[in-house]
Amino acid sequence: MLRLTLEDFSPAAIAESGQCFRMRPVHTEEQCWELMAGRRYLRIWQLGDQEFQFSCSEEEWADFFRHYFDLDVDYSAYRAYCLEEDEFLKRCMSYGQGIRILHQDPYEALISFLISQRKSVPAIRTIVERMSEIAGEPIENAYGSFHAFPSAEALAACSIDELRPTGAGYRIGYILDAARQCASGELDLDGIGTLPDKELISVLMKLRGCGIKVASCTALFGFHRLGICPQDVWMNRVLHEKYQDIWPQQYQPVLGVLQQYMFHYARLEMRKTTNNRRIS
DNA sequence: GATCAGGTTTGCA
DNA sequence: TGCAAACCTGAT
């Protein structure tokens, strides 16, 4: 158990920001979240604005989770890219204060975002959870029974019929293809980690079911390429309505981070205004 | 029950 | 090169 004061950290915003699918509120406890990252389990309690308690040891924090939450970086440096006159982005950044771009495992990100196509966040969560139950290693701890994210080898060994109960539908073929390529070494995710952004995206896009959106999400959330901005329908609407279809040049180096604030804001605003599909 | 979902592939002009 | 239809199924 570990207690920390963190200035720019919001489990609620991170869990809802659509970048990961295995972090969720624990409803039986106040201000509490849990997550699986690979085979690691973590529980987080928010005790005050900046006061947190974590279920891991100091060693596991230092070795893994501190980096996982990108806490070695000061996000005010990213927010400083905001143009003085950009009131919209200012509102998004204030709204999403505490968002981090996680250092997720590239393979986990790839599989998760292959599933994400044409699916809502709750549906993706359900599918990932069931996939883990079917092919992931069981994990027992003081908080209950869980399943690790299935390894590429475990997934590759599955048949389409075994994965059908996940509800992933036609995406199952995409998942199996990708898992088999990772397991066989045909696709070396560690190896392509050194490629420049554009080449990384184009290698990922050779996978079946991996178009520009899924490749961009994998690059941003799995490879931490902060200049890459996944353009989905929400971000297209923001880009069109707020930026006349062109991102400000100055934003390019950290557009992925700025995008995350905008996406989070736009998604929750849209939910409120069902009649008027405009973002204010 | 209908409609849509944070897309991609395929087929056809 | 551009566009629409088809794809599976859960969530609302």
Side-chain angles (χ1 to χ4, degrees), chain A residues 13-25 27 92 95-96 99 101-102 104 108-134 158-179 181 187 201-223 225-226 228-243 245 247 255-279:
Chain A
I14 295 167
E16 278 306 310
S17 69
Q19 62 177 302
C20 61
F21 305 103
R22 303 201 75 192
M23 180 171 178
R24 62 187 183 197
H27 293 296
C92 296
Y95 187 85
I99 281 180
I101 305 291
L102 304 179
Q104 296 183 75
E108 248 185 84
L110 172 62
I111 300 293
S112 300
F113 286 102
L114 278 172
I115 292 168
S116 77
Q117 58 175 266
R118 216 159 154 70
K119 281 286 182 190
S120 63
V121 172
I124 302 164
R125 285 203 183 99
T126 307
I127 294 169
V128 171
E129 221 45 51
R130 287 199 290 235
M131 191 179 75
S132 301
E133 282 165 23
I134 291 170
C158 288
S159 66
I160 289 182
D161 280 339
E162 282 174 287
L163 291 179
R164 209 173 293 285
T166 58
Y170 64 90
R171 302 166 191 79
I172 293 170
Y174 303 158
I175 297 166
L176 284 179
D177 270 9
Q181 286 197 34
L187 175 61
I201 296 263
S202 88
V203 169
L204 291 171
M205 282 180 68
K206 287 182 184 146
L207 291 163
R208 272 183 13 112
C210 187
I212 185 66
K213 164 63 167 56
V214 172
S216 299
C217 285
T218 305
L220 174 58
F221 301 123
F223 291 92
R225 299 302 176 90
L226 302 183
I228 289 177
C229 176
Q231 284 295 145
D232 55 40
V233 288
W234 303 92
M235 289 315 294
N236 280 336
R237 195 170 293 128
V238 167
L239 183 60
H240 184 68
E241 292 184 8
K242 299 294 174 186
Y243 297 95
D245 294 316
W247 292 117
L255 195 50
V257 182
L258 303 182
Q259 165 276 150
Q260 199 62 17
Y261 288 111
M262 295 186 207
F263 176 77
H264 184 240
Y265 178 86
R267 186 165 157 259
L268 298 181
E269 273 308 289
M270 292 281 289
R271 200 176 271 171
K272 288 181 202 158
T273 56
T274 46
N275 295 331
N276 180 5
R277 308 202 107 209
R278 285 193 171 278
I279 306 155

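All chains are named by letter (A, B, ...) in the order of the sequence lines, taking the proteins before the strands, and each is independently numbered beginning at 1.
- Side chain A:K119 to base C:dT9: a donor-acceptor pair is found below 3.5 Å.
- Nearest to the side chain of A:T126, among C:dA11, B:dT10, B:dG7, sits C:dA11.
- A:G18 comes within contact range of at least one nucleobase, with a heavy-atom separation under 4.0 Å.
- Using the Watson-Crick or G-U wobble rule with both distances under 3.5 Å, B:dA13 pairs with C:dT1.
- Nucleotides B:dT3 and C:dA6 have their P atoms positioned 16 Å apart, rounded to a whole Å.
- At a threshold of 4.0 angstrom between heavy atoms, the contacts of A:R171 include nucleobase atoms, whether or not backbone atoms are also involved.
- Counting non-hydrogen atoms under 4.0 angstrom, A:F263 reaches a base of the nucleic acid.
- If you measure from atom NZ of A:K213 to atom P of B:dT9, you get 14 Å, rounded to the nearest angstrom.
- Within the 3.5 Å criterion, the main-chain N or O of A:E16 finds a donor-acceptor partner in the side chain of A:R267.
- Listed nucleotides C:dA11, C:dC7, B:dT9 differ in distance to A:A123; the shortest reach to its side chain belongs to C:dA11.
- Taking atom P in both B:dG1 and C:dC8, one finds a spacing of 24 Å when rounded to whole Å.
- B:dG6 atom P lies 16 Å from atom CD of A:Q19, rounded to whole Å.
- Distance, A:Q117 CD to B:dT10 C1': 13 Å, rounded to whole Å.
- Position along DNA chain B of the nearest nucleotide to A:V233 versus A:R208 favours A:V233 as the more 5'-ward residue.
- Contact of the A:Q117 side chain with the A:R171 side chain is registered, since non-hydrogen atoms from C-beta on lie closer than 4.5 Å.
- A distance of 9.0 Å separates OG1 of A:T218 from CD1 of A:I111, quoted to the nearest 0.5 Å.
- A:S17 comes within contact range of at least one nucleobase, with a heavy-atom separation under 4.0 Å.
- Rounding to whole angstrom units, CD1 of residue A:I127 and P of C:dG10 are separated by 8 Å.
- Checked against the 6.0 Å centroid criterion, the rings of A:F21 and A:F113 qualify as a close aromatic pair.
- Rounded to a whole Å, the CZ atom of A:F21 is 15 Å from the C1' atom of C:dA11.
- The CH2-C1' distance, from A:W234 to B:dG7, rounds to 15 Å in whole Å.
- None of A:C210, A:P230, A:S116, A:S112 except one satisfies the side chain to side chain contact (heavy atoms under 4.5 Å, CB included) rule with A:C217; the exception is A:P230.
- Nucleotide B:dG6 is matched to nothing when pairs are restricted to Watson-Crick or G-U wobble geometry with both distances under 3.5 angstrom.
- For A:S120, no side-chain nitrogen or oxygen approaches OP1 or OP2 of C:dG10 to under 4.0 Å.
- Backbone-only engagement by A:I212 is indicated by non-hydrogen atom pairs under 4.0 Å involving sugar-phosphate atoms exclusively.
- The side chain of A:Y170 sits closest to C:dC8 out of B:dT8, C:dG10, C:dC8.
- A:V121 comes within 4.0 angstrom of a nucleotide base, judged by non-hydrogen atoms across all strands.
- If you measure from atom CD1 of A:I124 to atom P of B:dA5, you get 13 Å, rounded to the nearest angstrom.
- For A:Y174 and B:dG7, a side-chain-to-base donor-acceptor distance below 3.5 Å is absent, hydrogens and geometry of angles not being considered.
- No contact: A:R164 has no heavy atom under 4.0 Å from any strand.
- Within 4.0 Å (heavy atoms only), A:I115 reaches no atom of the nucleic acid at all.
- Remark: C1' of C:dT9 and CE of A:M131 are 16 Å apart, rounded to the nearest angstrom.
- Between A:R118 and A:T166, the one whose closest nucleotide on DNA chain C sits nearer the 5' end is A:R118.
- Tested against A:M131 for a side chain to side chain contact (heavy atoms under 4.5 Å, CB included), the candidates A:I172, A:T126, A:T166 yield a single pass: A:T166.
- Put simply, the side chain of A:I212 does not reach to within 4.5 Å of the side chain of A:Q231, judged on heavy atoms.
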